[in-house]
Visitor: 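Below is the structure I would like to discuss, written out as structure tokens.
All values below come from the heavy atoms of this structure, side chains included, with hydrogens, waters and symmetry mates left out.
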Amino acid sequence: MKKVKWEKISLLLIPLAAAIAALAIWGPEAIAKYRDRGILDRLKTQEAEIGTEGYRYTLSSNEKLYILSKCLNNQILPESELNALIRTEESVSLDYQDLTGTYAMVVNRKDSAGQEISESAGLELCSRGIDELKELGILPESVKEITEPFYSAVMYSAIDVPEPRNNVLVWKISLDTGKQTANRSNRLLDAYVDADTGKIYEFYVRTEITGWSQVDPDAMVRAWADYMGLGEPQDYEADNPLIETTPYFKKYSFAGMEEGSTVVTIGYYEGINELFLKISR
């Protein structure tokens with residue numbers, strides 16, 4: 001009796017085992033085909049960020065400072081006011097293939113995300129940067145606010161031509177001397193401002209400081225280096241002591257790119273009470 005029951009059970013297990021074996025062989029392929037049917041030949045949409053910000057090459061603060069200083073030092077002639085007035089869309093397009101030399105400053109009209117940006121945005125960015133420098137004690141509190149009627153802002157791309165991914169977007173902020181010739185006291189005259197971070201790379205400003213003895217360049221450069229995120233400055237001895245048009249200055253060196261370095265100068269023009277920090281010669 002037991003033998004008969006076992007034979008019946010065996011007969012039932014054989015088809016079940018065959019079904020399991022078939023499922024193990026053909027099951028994964030069938031499932032894959034079913035999934036492919038839901039994906040292939042169908043369009044799906046997904047929102048993506050517009051602009052170039054997602055794949056821009058990231059430069060350190062020292063690298064950006066170095067590239068901008070090289071570009072400023074390699075400028076042949078500043079752009080004239082006439083050129084600025086007659087500039088067209090075609091003339092400001094960034095065609096790296098047409099650039100010559102190693103470093104170049106190219107007028108730009110778009111921010112890092114590829115969006116058109118107004119002159120007022122550059123002035124507002126500079127105004128915030130000036131306030132920050134005042135808080136840090138780098139600039140005197142007496143320096144006046146940046147007001148739009150008296151200032152102009154032009155955006156530039158500072159480009160390492162052989163490696164165009166190495167570029168820095170900056171605003172050049174300038175006091176419009178045609179509108180403000182009567183009184184420049186306690187006013188910013190010129191500055192270069194990072195268009196992404198708002199950090200001020202270079203400035204010339206009229207102040208109430210009446211002598212070089214009132215300036216502490218070592219403390220000033222350390223505060224500015226910390227603000228910029230550059231690391232410790234090193235004293236730099238100029239090869240030519242007559243390189244500046246004022247006897248009141250001190251130079252410092254910061255690490256740049258590869259073996260290069262950036263020279264930063266803090267100086268003062270007596271008589272007109274002008275304080276400056278510059279990264280260009």
Side-chain angles (χ1 to χ4, degrees), residues 61 65 68-69 72-73 78 122-153 170-194 197-230 232-238 240-254 262-281:
S61 298
L65 186 75
L68 179 58
S69 71
L72 293 175
N73 290 337
L123 296 177
E124 183 180 350
L125 200 63
C126 182
S127 183
R128 293 203 299 266
I130 293 296
D131 288 341
E132 192 169 358
L133 293 186
K134 288 181 183 179
E135 291 175 5
L136 294 170
I138 297 171
L139 287 179
E141 286 291 336
S142 59
V143 175
K144 295 176 182 176
E145 294 291 325
I146 305 297
T147 51
E148 191 165 346
F150 301 129
Y151 286 88
S152 63
V170 295
W171 286 100
K172 183 181 181 183
I173 309 298
S174 303
L175 179 67
D176 190 337
T177 55
K179 295 179 181 178
Q180 190 67 21
T181 55
N183 185 8
R184 298 187 188 183
S185 62
N186 292 312
R187 283 194 179 274
L188 176 77
L189 302 183
D190 287 290
Y192 279 98
V193 184
D194 191 293
T197 66
K199 300 294 186 182
I200 296 181
Y201 290 105
E202 180 171 302
F203 62 79
Y204 290 80
V205 61
R206 297 287 173 88
T207 69
E208 292 181 345
I209 296 172
T210 57
W212 178 241
S213 60
Q214 297 178 23
V215 180
D216 185 345
D218 291 341
M220 185 175 167
V221 78
R222 282 195 298 269
W224 177 79
D226 186 59
Y227 154 81
M228 294 294 296
L230 297 172
E232 284 294 317
Q234 302 296 320
D235 287 347
Y236 177 85
E237 293 296 331
N240 179 5
L242 301 178
I243 194 170
E244 299 294 337
T245 54
T246 173
Y248 307 114
F249 69 90
K250 188 168 183 181
K251 292 182 177 289
Y252 304 86
S253 176
F254 290 90
T262 306
V263 176
V264 173
T265 307
I266 291 177
Y268 175 78
Y269 291 111
E270 193 175 38
I272 57 175
N273 300 341
E274 187 171 313
L275 180 68
F276 66 86
L277 184 154
K278 67 175 184 176
I279 62 173
S280 56
R281 285 196 293 265

Visitor: Mind checking the CG-CD1 spacing from Leu188 to Ile146? Nearest 0.5 Å is all I need.
Guide: 4.5 Å
Visitor: Which pair of heavy atoms, one from Ala153 and one from Ile173, lies closest together, and at what distance?
Guide: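 It is CB-CD1, 3.5 Å.
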Visitor: Do Arg187 and Phe150 come within less than 4.5 Å of each other through their side chains, counting heavy atoms only?
Guide: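 In short, these two side chains touch, coming nearer than 4.5 Å.
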Visitor: Quick one: pull up NZ in Lys199 and CG in Leu125 and give me the separation to the nearest 0.5 Å.
Guide: 10.5 Å
Visitor: Which pairs pass salt bridge (charged side-chain N to carboxylate O under 4.0 Å, His left out) with one or both residues in residues 215-229, sequence neighbours excluded?
Guide: Asp218-Lys250
Visitor: Assess the side chains of Asn73 and Ser280: does a donor N or O sit below 3.5 Å from an acceptor N or O?
Guide: no
Visitor: Hey, are the side chains of Phe249 and Pro217 touching, using non-hydrogen atoms and a 4.5 Å cut-off?
Guide: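 Sidechains of Pro217 and Phe249: no contact.
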Visitor: Can you tell me which residue among Ile266, Asp235, Ile243, Val221 is in a side-chain contact (heavy atoms from CB on, under 4.5 Å) with Lys251?
Guide: Ile243
Visitor: Is the backbone N or O of Gly198 less than 3.5 Å from a side-chain atom of Trp171, with the two atoms forming a donor-acceptor pair by type?
Guide: no
Visitor: Could I get the full list of side chain to side chain donor-acceptor pair (under 3.5 Å) partners for Tyr248, not counting sequence neighbours?
Guide: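 For Tyr248 the side chain to side chain donor-acceptor pair (under 3.5 Å) partners, ignoring immediate neighbours, are Glu270.
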Visitor: With sequence neighbours left out, write down each residue that passes ring-ring contact (aromatic ring centres under 6.0 Å, His included) with Tyr204, or none if nothing qualifies.
Guide: Phe276
Visitor: Testing the basics here: between Val170 and Asp194, what is the closest heavy-atom pair and its distance to 0.1 Å?
Guide: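 Between these two residues, the closest heavy atoms are CG1-CA, 4.3 Å.
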Visitor: Looking at Gly267 and Leu275, what are the two nearest heavy atoms and their distance?
Guide: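 Closest pair (atom of Gly267, atom of Leu275, distance): O-CD1, 3.4 Å.
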Visitor: How long is the straight-line distance from CG of Leu189 back to CD of Glu274, given to the nearest 0.5 Å?
Guide: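 Here the interatomic distance stands at 5.0 Å.
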Visitor: Can you measure from CG (Leu277) to CE (Met220) and round to the nearest 0.5 angstrom?
Guide: 5.0 Å
Visitor: Kindly give the heavy-atom pair with the smallest separation between Asp190 and Ser174, and that separation in Å.
Guide: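 Scanning both residues, the minimum pair turns out to be OD1-OG, 2.9 Å.
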Visitor: Judged by modelled atom types alone, do Tyr201 and Ser69 share a side-chain donor-acceptor pair under 3.5 Å?
Guide: no
Visitor: Looking at CG of Leu65 and OH of Tyr192, how far apart are the two atoms once the value is rounded to the nearest 0.5 Å?
Guide: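 Result: 13.5 Å between the selected atoms.
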Visitor: With sequence neighbours left out, write down each residue that passes side chain to side chain contact (heavy atoms under 4.5 Å, CB included) with Gln214, or none if nothing qualifies.
Guide: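 Gln214 satisfies side chain to side chain contact (heavy atoms under 4.5 Å, CB included) with Ile209, Thr210 only.
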Visitor: When you measure from the side chain of Thr246 to the backbone of Tyr269, do you find a donor-acceptor pair of N or O atoms at a distance under 3.5 Å?
Guide: no
Visitor: What is the distance from atom CH2 of Trp224 to atom CG of Leu230, rounded to the nearest 0.5 Å?
Guide: 5.0 Å
Visitor: Quick one: closest heavy-atom pair of Cys126 and Ile200, and the distance?
Guide: O-CD1, 4.2 Å
Visitor: So does Met228 get a backbone contact from the side chain of Ser61, meaning a donor-acceptor N/O pair under 3.5 Å?
Guide: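 Side chain of Ser61 to backbone of Met228: a pair is present.
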Visitor: Glu202: what forms a salt bridge (charged side-chain N to carboxylate O under 4.0 Å, His left out) with it, not counting sequence neighbours?
Guide: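 By the salt bridge (charged side-chain N to carboxylate O under 4.0 Å, His left out) rule, Glu202 matches no residue at all.
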Visitor: Looking only at heavy atoms, which two atoms of Ala225 and Phe254 are closest? And how far apart?
Guide: CB-CE2, 3.5 Å
Visitor: Can you give each donor-acceptor pair under 3.5 Å made by side-chain atoms of residues 129-142, sequence neighbours left out, with the distance rounded to 0.1 Å?
Guide:
| unit_1 | atom_1 | unit_2 | atom_2 | d |
| --- | --- | --- | --- | --- |
| Lys134 | NZ | Val143 | O | 2.5 |
| Ser142 | OG | Asn186 | OD1 | 3.1 |

Visitor: Any side-chain heavy-atom pair from Tyr268 and Asn273 closer than 4.5 angstrom?
Guide: yes
